Amino acid sequence: MTEKKIIAPKQVRVGQWEGYKNEPWLKQDKKDVTVMFNFVERRKSMFLSAYFTRKGIKFIDMGDHVKEDVSYGKLYGNRMQCNPIYFTSGSLIRNLLKIEKETGLSKEEISKKYIFLSGGGQCGPCRYGMYPQEYLKVLNEAGYKNFRILIFGSDLGQEEGTENDAFKFNLIFRINLAIALILADLFHAAECSLMAYAENTDGIEDLLLECEQIVLRAFEKPYYFWAVPKALKKVNKKLTAVKLKDGQKPLIFVTGEFFANLAHNDGNYNLRRFITSEGCEVIPGNFTQRTLYDNWRRSVEAKRGMKYAETKEEYKFHKKFLKKQKMSSWVIKKIYNSYVKALKPEEFRARTEMMDIDKMAELAKDFYHPEIFGGEGNLEVAEAIDHAQRDEIDGFISSKPFGCMPSSGVSDGVQSKIMHMYPNLNFLSIETSGDNDVSILSRVSMLLLKAKQRRESIEKEK
Amino acid sequence: MAKQKELFLGLDVGSTTAKVVVIDNENNILWQKYSRHNAHQQELVLDYLKQIEAEFGSSKFTIFATGSGGKVIADMIGGKHIQEVNAVTVAVEYIHPNAGSVVELGGQDAKVILWNKAKDGRKTSISYMNDKCAGGTGASLDRIFSKVNLHIDDIQNLSSEGVTIHHIAAKCGVFAETDVVGLLKAGVDEKEIVVSLCAAIVKQNIEVLLHGNALTDDVILLGGPHTYFKAFAEIWRKEIPKLWDLHKIPTKNKPIEELVYVPENSQYYAAIGAVLFGKESYKDIRNNYTGYQKLKELISQSLSGFAKPMSTSRDGLVQSAEEVEEFAKEYRILEFEQPNFGNQRNIDCFLGIDGGSTSSKMVLIDNDGELLYKDYVLSKGNPIVDITAMFAKLSDWQKETGISFNVKSSGVTGYASDILKKAFSLDSAIVETIAHLKSATHYYGDLDIICDVGGQDIKVMYMKHGRVVDIKLNTQCSAGNGYFLQSMANQFNIPIEEYADRAFTARKAPVFNYGCAVFMEQDKVNFQQLGWSKEEIMAGLALVLPQNIWNYVVQETNLNRVGSRFLLQGGTQKNLAAVKAQVDFIKERVDDAKVYVHKYADVAGAIGAAIEAKNTIGEKTSTFGDFEAASKVSFTTQNDESTRCRFCSNYCTRNFIDIKTTSGETVTHISGYACDKGASVSLEEMKAAQAKKKQLRGNSANLVARSEELLFQDYTNHNLPNNLTSKEAKEKRAEIVVGIPRLLNLFYYAPFFNAYFKTLGVKDVVYSDKTSKKLWEEGNKWGSIDPCFPAKVAPAHVHNLLKKKNVTHICFPMITHIESNVQDTLGNNACVIQMGTPEVVHAAFTRQRDHFKESDKEYWKPLIRMDRRPEALGNLYEYFKDRLLLTEEENAFAVNAGFEAMEKYLGTLRDEGTDVLNDLVENDRIGVLFIGHPYHHDSGLNHNIPEEFQALNFPVLCIESLPISEEFLAPLFMGKEYDETQKITDVWIRNFNRNTNTKLWAAKVASRHQNLAVIDMSSFKCGHDAPTYSYIDRILDASGTPHFLFHDVDQNKPSASIKIRVQSIKYFLEEEQRLLKEKYNVNEIVEA
């Protein structure tokens, strides 16, 4: 270290920026504030709304992202961001402008009466970890000065906040969130099979909406823990009543970056629905799987913390953390499996299997080290190897936003080798930007043609 | 009978031609036609359909259409549209089952398709296509070939054998045209130009479209240019084997002509493929042909304008003649009226000259800055010729009027300012941005934006606190400049002067897609087809101009945030239609916008140069002679072997211009050199210039360069105690030479790894060469993805170690976390690209073959968390215990040596930083704090920008050179506890990324230290920096800290743009320094 004398500047510049304010939402104004949220696509936020209904908290479910959101995001956001940031921040602004128009409230009043609830990005190897920072910027630039945001992580075991907080990210909320995500996953799986195999697809969307309402009403009840499985059984009856075709359609696995994979709306050009409309079956991305991946990542970190702890306290801290993660995964799997048991998705050909992440990590480790915690980047390499080895699917699509750091910047590079190792894997990587749907979907058509040819030859051999 | 067969019709409507095939169910081609459509696509297709019906009857066809114009026509005749790449892929798979790859060049697009074959024979393909830019396509061919004086048959049959290749920028069709015009003016052989253009297009496609893949055989060349220009196939046959050699790809044992070829009927592949793809993919679509009646109606509706609703339309530029009148009153640039000089015959004045790339301008102003005289000419190729002619004209004018101007001082600006200053003995030279700023503020006061749109160049200057903080230039693409309006007027045979009047007559206009000017040509053709008039199309094009400027070139999605006072200038403002579009665009988006058009828009730069001349001459006498003498300046140019630069092994060409100046002496000006060594005539002169530069640099420190130097030194500081290592281990390690790539996190941790390996007793540690154009060009054929340049260059570094260095092992660590002085953060993560690049590189070199194994080199990629020392220790031990026969004790010893090396490196840098900061404070100087990631200290990545400031006598610091002691930080963060001075939670709550965190911390430090200005550098596609842009801006803005941006930096070194930026920044730094010195000479000093 330096021992040289340092001369201070003759004067210090004044007028320092103090950053954007994000004041806490306190109990005293709990009743006056409306919580706004949307999580990647409409089913997830719809099911989560049950929690707010039950609790009597005012809320606005902002539902699906639409193309227009990107323009709002770009208008107030930083340059060179990825389109999921523009979609998420833009949809918030679109909804606030709508409120402003409908209620006549000023921006200042809106900033006091509404609050935005969102996931905060869990790890940070990509821009995702910085989303809340961008929300603050976008809100302030759009004129909603000091608009508050409530940010939570995906960790079930995370601390709850202070006594005075109006809204607590307590265990009950987190379990409700997990349930909402699981229910959304199951309904997506149902949609994928029914739209691919129903003899008549005309009424399927309405049927699914009806079933969603049955489950939502059950989830809104105080004794939802029992009501939801019961509702799922009821849904099973309705869905199994749909007449399905036999045979196997070309089977397409869709994975990739979290948002581009799971948006199921304009956020990823309705990719899953496009594939189904072209006569194929999709294995959809599973949000619950992504949550379990986060737990897995935190567990690995905890194990490392224990292994290299320098003090007993440090060791204990990591051990406790690991225990929480294990418990969290156990709870999530338990709920998922019990709901699957109630819904019996296999009876209407829906695919809800989840993968073993330890096995996936092992598969990818020589190509993309599993401890490079790049979100889904290494997971998708493992999935490619797994599917190539099993050779059961007809097409593999990795979808990611333009400039996605873990996916475009790393896993695509690694996948170029996987493709050479397994030329049987009908692989396509697509980068979404929010507006180039025609050319992207054309590229998907090419993959689908190959998938159809493959399936046809397999069926012929049979 | 043919009529009873199931017939399929494949239609390919491209940007210049339309092709059709009729195919039966067994895929036999029964009928085919190919023709240029000359912008009459629909008529040609109608003609085809009539012929087909005549031949096969009008009964049942299944139609699949492809190509850029295929969608509209398919909708008219019941056809199904098929995407072109899909069509070509399927066609090639069917016709050439042995094909390994395809390169197709179209009029406006280029595609590459590559096949992978599984053991069971199934093939999968990947394809790459240009979708946003027409660079590297055939778009430029027709237009450029029309400029050379060769018959088209001769061009088609030209061979590339033995032809000298000249540099042409194929990145953008419009820029390529500029290069070709330059070569024509320089008298280069026209055949050489044609072949050079073909070679440039091939090179562009290899660099952009292949994504690190090799084209495997058979390589099929498709598309019009390949079919008709023999030179293309020859050039590909030379270039492709180089890729095979590099990637060690085995080929079939056949002559090259049978491995790379243009097949017969290649022009029909897309049409054939459309049918094959459609038949397979859409089995339920059959007999969809609905006849040509609707198409016929469309054509007649187009003629009468009824088909226009088929395209998106918008309101025209104006809705009434009165509106034009109103607008013109406020915005029309009035003709300059010379002041009435009355009886004055001798008038004192200041001369300003602007030597631009496409035009030359000259003004005289009086003592109050008012314009006395102006002249503007489109350049005749050499600015000296232009300016002497202008002086001759001025001299004649003086003689005619009897008025005599007395030039008290003279100034010059523009890209030719160096040569003009010399030739005409002018008093001062000033960078363009400052010239524009001076002229703008003289007439319009403080501004937020100056938007200068010329024929080819677009310059948008962002201003804050009276400083130019950022400049956006169109360096890679011509979209948005005035050239397109000019060329459209030419195509319509309308003089450019009448453009606005004609466009203002349109009340509706078609909506063009913004972006590449070449793609807009296709839109124009489509709109004409649908019956839009010339006037409406011209209005539509004017309306797209601001979108191209703000959305495409500047990429500013929210004009509101850049300010409210805009000044428009540059030659394009003479076109009132362009002005109307710009003014409306800005006013729609910016609250309380005030938009000015510079009343002397075309000579604004020259006025700025004259103002500078006036302000800086002081008591001195002008060096400028008189107009008569200036009009006699002459010169000769030489460009041959004798002028070639021989100061390094590159042997670059240069132009020597011997100028006989106004003072009668002859001076030699050198232009066209690649680096500053080339600016000297003789070796002695070059050495003297370099020594002077070195001396200049010696006056100020450059701690960015110093960091680079310190990082890659030898850090052997300890030897392992003798008893720790077994004989076997010693022997093994003594054979090992570790090669480490000089990039990414190694720009922080190189000392650690150097000391670690050296301490363990390896024979040597060597680094890859510095990042340079040469290193990049030698190794850039491996990358499969397109991340930020710091990661994209990684395969080139590993290639360098693999091929050029005598190493036994290559170690590219995956560093997940980096130590930091910033406290209380959510993490010290490296970004995932830094972590994962060693994996990407490994995949690239083991993809088709294991190049490491074949070179007998081992690749190490240990995953290490460096911010927790026990973990770093454990990670290294786990990884190397077997590889280096390592004991835990040895590992601990070496890790310790590594961290000691880090302390030594950082300590040295902070010591030197302290010296620099003390010097700044004591002498009231301004220093530049360069904030970027550690790898931006790589001179190949930062394009030597820090060195430029050092040479201008501004000391340069980097983040790592900032002291972190309480003694330094306490006075800056007045009243804060020491711990608080190391936190950023007040401004940046999501502080995961270590390098980003340190950038924000450094911004906080600089925003308090009045002797520091900031250069914020960031790489193109940096996902972690993007969210910080506005935050760093706010931190520095709040305290008025001078800060300047070098964002979106990539592998291209935009020398001209860097020069303009650096010179502009210099101006403001000098101003800041002047104020600082003034303050302490005059004012009372307030102790911090």
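All chains are named by letter (A, B, ...) in the order of the sequence lines, taking the proteins before the strands, and each is independently numbered beginning at 1. Side-chain atoms are counted along with the backbone in the values below, which use heavy atoms only and exclude waters and symmetry mates. Computed from a prediction, not measured in an experiment: that's the story for all the values here.
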- Task: I would like to know whether B:Val987 and A:Trp17 meet side-chain contact (heavy atoms from CB on, under 4.5 Å); could you show each step before the answer?
- Result: CA-CA 8 Å; B:Val987 289; A:Trp17 186 54; 3.7 Å; yes
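- Contact detail for A:Val12 and B:Pro971: the closest heavy-atom pair is CG2-O, 3.4 Å.
- Nearest heavy-atom pair, B:Lys861 versus A:Asp366, reported as atom, atom and distance to 0.1 Å: NZ-O, 3.1 Å.
- Comparing B:Glu280, B:Arg561, B:His1047 by how many heavy-atom pairs each has under 4.5 Å with chain A, the most go to B:Arg561.
- Of the atoms belonging to A:Met421, not a single heavy atom falls under 4.5 Å from chain B.
- Residues A:Tyr368 and B:His842 form no side-chain contact, since every pair of their non-hydrogen atoms from C-beta on lies 4.5 Å or further apart.
- Two residues are said to be in side-chain contact when any heavy atoms from C-beta on lie closer than 4.5 Å; B:Trp988 and A:Gln133 meet this criterion.
- Per-residue counts of heavy-atom pairs under 4.5 Å with chain A were compared for B:Leu1036, B:Thr1028, B:Asn875; the largest is that of B:Asn875.
- Looking at A:Asp391, only its side chain comes within 4.5 Å of chain B, counting heavy atoms on both sides.
- Here B:Asp915 is the residue among B:Leu906, B:Ile82, B:Asp915, B:Val841 with the most heavy-atom pairs under 4.5 Å with chain A.
- In this structure, the side chains of B:Asn116 and A:Met419 come closer than 4.5 Å at one or more pairs of heavy atoms.
- The contact between A:Gln16 and chain B is made by backbone and side chain atoms together, counting heavy-atom distances below 4.5 Å.
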- Apply the test side-chain contact (heavy atoms from CB on, under 4.5 Å) to residues A:Glu371 and B:Arg865: give CA-CA distance (whole Å), side-chain angles for both, the deciding distance (0.1 Å), then the verdict. CA-CA 10 Å; A:Glu371 288 176 41; B:Arg865 177 170 185 154; over 6 Å; no
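- A:Asn140 contributes atom CG, which lies 10.0 Å from atom OG of B:Ser1030 (distance to the nearest 0.5 angstrom).
- For A:Lys452, the part sitting under 4.5 Å from any heavy atom of chain B is the side chain, from C-beta outward, and nothing else.
- Using a 4.5 Å cut-off between heavy atoms, B:Ile126 contacts chain A through its side chain alone, with no backbone atom that close.
- Contact annotation for B:Ala1006: only backbone heavy atoms (N, CA, C, O) come within less than 4.5 Å of a heavy atom of chain A.
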- Using the side chain to side chain donor-acceptor pair (under 3.5 Å) rule, take B:Thr846 and A:Lys417 through it: C-alpha gap first, then chi angles, then the decisive distance, then the call. CA-CA 7 Å; B:Thr846 56; A:Lys417 174 168 176 166; 2.7 Å; yes
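- With values rounded to the nearest 0.5 angstrom, B:Ile989 atom CD1 is found 5.0 Å from A:Leu136 atom CG.
- Interface remark: B:Arg589 contributes no atoms to any contact with chain A (heavy atom separation under 4.5 Å).
- The CZ atom of A:Phe402 sits 7.5 Å away from atom CG of B:Asp786, with the distance rounded to the nearest 0.5 Å.
- Of the two parts of B:Thr89, only the side chain, counted from C-beta on, holds a non-hydrogen atom closer than 4.5 Å to a non-hydrogen atom of chain A.
- Counting heavy atoms from C-beta outward, B:Asn86 and A:Arg443 have side chains that stay 4.5 Å or more apart.
- For the residue pair A:Pro9 and B:Leu972, the shortest heavy atom distance occurs at CG-CD2, 3.6 Å.
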- side-chain contact (heavy atoms from CB on, under 4.5 Å) between B:Tyr1029 and A:Gln81: does it pass, once the steps are laid out? CA-CA 11 Å; B:Tyr1029 290 162; A:Gln81 299 280 27; over 6 Å; no
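- Between B:Leu1076 and A:Lys10, every side-chain heavy-atom pair lies at or beyond the 4.5 Å cut-off.
- Heavy atoms closer than 4.5 Å to chain B are found in both the backbone and the side chain of A:Tyr76.
- Taking CZ from A:Phe427 and OG from B:Ser125, the interatomic distance works out to 13.0 Å, rounded to the nearest 0.5 Å.
- Residues A:Glu310 and B:Arg869 are not paired through a salt bridge, judged by the lack of any N-O separation under 4.0 Å between the basic side chain and the carboxylate.
- At least one side-chain heavy atom of A:Met446 sits under 4.5 Å from a side-chain heavy atom of B:Phe277.
- Nearest heavy atom pair, residue B:Ser281 against residue A:Leu449, reads OG-CD1, 3.0 Å.
- Both the backbone and the side chain of B:Tyr1031 come within contact range of chain A, each with at least one heavy atom under 4.5 Å from a heavy atom of that chain.
- Counting only N and O atoms by type, the side chains of A:Ser445 and B:Gln83 include no donor and acceptor under 3.5 Å apart.
- Using a 4.0 Å cut-off between charged nitrogen and carboxylate oxygen, B:Lys283 and A:Glu456 count as a salt-bridge pair.
- Using a 4.5 Å cut-off on side-chain heavy atoms (C-beta onward), A:Ile372 and B:Val832 make contact.
- Neither the backbone nor the side chain of B:Lys792 comes within less than 4.5 Å of any heavy atom in chain A.
- The choice from B:Leu559, B:Thr985, B:Asp924, B:Thr996 that makes the most heavy-atom pairs within less than 4.5 Å of chain A is B:Asp924.
- Looking at B:Arg1008, both its backbone and its side chain come within 4.5 Å of chain A, counting heavy atoms on both sides.
- The CG atom of B:Asn560 lies 8.0 Å from the CG atom of A:Leu75; values are rounded to the nearest 0.5 Å.
- Heavy atoms closer than 4.5 Å to chain B are found nowhere in A:Asn22, neither backbone nor side chain.
- Side-chain atoms of B:Asn558 and A:Arg79, non-hydrogen and from C-beta on, never get closer than 4.5 Å to each other.
- With a threshold of 4.5 angstrom between heavy atoms, B:Glu922 approaches chain A through its backbone and through its side chain.
- Looking at A:Leu425, only its backbone comes within 4.5 Å of chain B, counting heavy atoms on both sides.
- Smallest separation of non-hydrogen atoms from A:Asp412 and B:Ile785: CB-CG2, 3.5 Å.
- Residue contact with chain A, scored on non-hydrogen atoms closer than 4.5 Å, is absent for B:Leu917.
- Contact annotation for B:Thr816: only side-chain heavy atoms (C-beta onward) come within less than 4.5 Å of a heavy atom of chain A.
- Between A:Lys450 and B:Glu93 a salt bridge is recorded (basic side-chain N to carboxylate O distance below 4.0 Å).
- With no hydrogens or angles considered, a side-chain donor-acceptor pair links B:Thr1041 and A:Arg13 at under 3.5 Å.
- Note that CE of A:Met80 and CZ of B:Phe1020 are 4.0 Å apart. Values are rounded to the nearest 0.5 Å.
- Taking B:Ala791, B:Pro787, B:Gly874 one by one and counting their heavy-atom pairs under 4.5 Å with chain A, the maximum is reached by B:Gly874.
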- Query: So A:Gln11 and B:Lys1079, side chain to side chain donor-acceptor pair (under 3.5 Å) or not? Walk me through it.
  - Reply: CA-CA 11 Å; A:Gln11 247 178 357; B:Lys1079 185 161 142 190; 2.8 Å; yes
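- Classification of B:Glu878 and A:Lys307 as a salt-bridged pair holds, one side-chain N sitting under 4.0 Å from a carboxylate O.
- Using a cut-off of 4.0 Å between Lys/Arg side-chain N and Asp/Glu carboxylate O, B:Lys1021 and A:Glu431 are scored as not salt-bridged.
- Formation of a donor-acceptor pair under 3.5 Å by the B:Asn918 side chain with backbone atoms of A:Ile6 is not found in this model.
- Contact record, A:Met130 with B:Pro1027: SD-CG, 3.7 Å, taken as the closest heavy-atom pair.
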